[in-house]
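Below is one structure, written out as structure tokens; comments come after it.
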Amino acid sequence: MKAKTRRILFSLLLVLILAVIAAVMMVIGRGHTVYFDNKTLEDYQGQEYKAFEKVVVTVKGEQVAKLNKRDRGMAIWIGQNFKMTLEITEKKGDEPRVQEVSIKLPYSVDGIVVNLPAYLAGLPEEAWFSEFVPAVTEEPEEEVPGEGGEFGLEGDLGLEDGLGDI
């Protein structure tokens, strides 16, 4: 085999290996921020799904959130198969129950919000899943010093009253 042909084959093999590694990393290496809400889902198909008294969320053996009613927690997850353990107290004074949860995360979404009462009620994805969109806050415009308005110096500064003839 000639050296030139062998060099081309090794180059093509290297490109193929890099493409396979990139494809694998794209699928398993995708990072997600998963938010969990313990909020009442009101009027979904005529029903209300009440928030739990308390939910303790554990991911990879580490407690990441302790949610009371109307609280939100979060965890960072790499990969598509999100797993968490929930310790749920339905009502004040109840014994907590433990439930393992696995959710298949969509590849195209970075911030995922899961409404826990809706998810645990077995509702379809449209009810418990939403994409997290951060609120954009507009900063107030700053006034530039010396540009009128503040001291009634708008427009004419009074320099055309003949003082230049002194």
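Only heavy atoms go into these numbers, but all of them, side chains included; no hydrogens, no water, no symmetry mates.
Cluster membership for Val113 and Ile76, using ILVMFWY side-chain heavy atoms within less than 4.5 angstrom, is shared. When hydrophobic clusters are built by joining Ile, Leu, Val, Met, Phe, Trp and Tyr residues whose side-chain heavy atoms come closer than 4.5 Å, directly or via intermediates, Val34 is grouped together with Trp128. Residues Ile103 and Leu120 share a single hydrophobic cluster, defined by chaining ILVMFWY side chains whose heavy atoms lie under 4.5 Å apart. Clustering ILVMFWY residues whenever any of their side-chain heavy atoms sit less than 4.5 angstrom apart, transitively, puts Leu86 in a cluster other than the one holding Leu123.
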(request) Show your working on salt bridge (Lys or Arg N to Asp or Glu O under 4.0 Å) between Glu95 and Arg97 and close with a plain yes or no. (result) CA-CA 7 Å; Glu95 283 295 315; Arg97 65 180 168 95; over 6 Å; no
(request) Check the pair Phe132 / Thr33 against side chain to side chain contact (heavy atoms under 4.5 Å, CB included), numbers first and verdict last. (result) CA-CA 9 Å; Phe132 179 77; Thr33 304; over 6 Å; no
(message) Checking Val101 against Leu116 for the side chain to side chain contact (heavy atoms under 4.5 Å, CB included) test, could you report, in this order, the C-alpha distance in whole Å, the side-chain angles of both residues, the deciding distance, and whether it holds?
(response) CA-CA 10 Å; Val101 175; Leu116 293 175; over 6 Å; no
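For Glu87 (side chain) and Val98 (main-chain N/O), no donor-acceptor pair under 3.5 Å exists by modelled atom type. Here the side chain of Asp94 pairs no donor or acceptor atom with the backbone of Thr89 at under 3.5 angstrom. Between the side chain of His32 and the main chain of Val109, a donor-acceptor pair closer than 3.5 Å is present.
Within the 4.5 Å cutoff, the side chain of Asp37 has no heavy atoms near those of the Val114 side chain. Between Phe36 and Met84 the shortest side-chain heavy-atom distance falls below 4.5 Å. Residues Gln99 and Ile88 are in side-chain contact: their nearest non-hydrogen atoms beyond the backbone lie under 4.5 Å apart. Using a 4.5 Å heavy-atom threshold, the side chains of Pro96 and Phe52 count as separate. Looking at Asn81 and Lys104, their side chains come closer than 4.5 Å, going by heavy atoms from C-beta outward. You'll find the side chain of Glu53 reaches within 4.5 Å of the side chain of Lys69, heavy atoms only. Inter-residue side-chain proximity for Phe82 and Val59 is flagged as met; some heavy-atom pair is nearer than 4.5 Å.
Closest approach of Gly111 to Tyr35, counting heavy atoms only: CA-CE1, 4.3 Å. Considering all non-hydrogen atoms of both residues, Val56 and Lys66 come closest at CG2-CG, 4.1 Å. Summarising the geometry of Pro106 relative to Ile112, their closest heavy-atom pair is CD-CD1, 3.9 Å, with the distance given to 0.1 Å. Across Leu105 and Gly79, no two heavy atoms sit closer than the pair CD1-O, 3.9 Å. Taking both residues in full, the closest heavy atoms of Ala65 and Gly73 are given as CB-CA, 4.0 Å, listed atom of the first, atom of the second, then distance. Considering every non-hydrogen atom in both Ser102 and Tyr119, the closest pair reads O-OH, 3.1 Å.
Side chains of Glu100 and Thr85: a donor on one and an acceptor on the other come within 3.5 Å.
No more than 12 heavy atoms of other residues, nucleotides or ligands lie within 6.0 Å of NZ in Lys91, so this atom counts as exposed by the packing criterion. Other residues, nucleotides and ligands contribute over 12 non-hydrogen atoms within 6.0 Å of the NZ atom of Lys39. Residue Glu48 qualifies as enclosed at atom CD: its count of foreign heavy atoms under 6.0 Å is above 12.
For the pair Lys83 and Trp77, the NZ or CZ position fails the cation-pi test of under 6.0 Å to the six-membered ring centre and within 45 degrees of the ring normal.
The CZ atom of Arg6 sits 12.0 Å away from atom OG of Ser11, with the distance rounded to the nearest 0.5 Å. Leu12 contributes atom CG, which lies 11.0 Å from atom CD1 of Ile17 (distance to the nearest 0.5 angstrom). The distance from the CD atom of Gln47 to the CD atom of Glu42 is 13.5 Å, given to the nearest 0.5 Å. Ile21 contributes atom CD1, which lies 10.0 Å from atom CG of Leu16 (distance to the nearest 0.5 angstrom).
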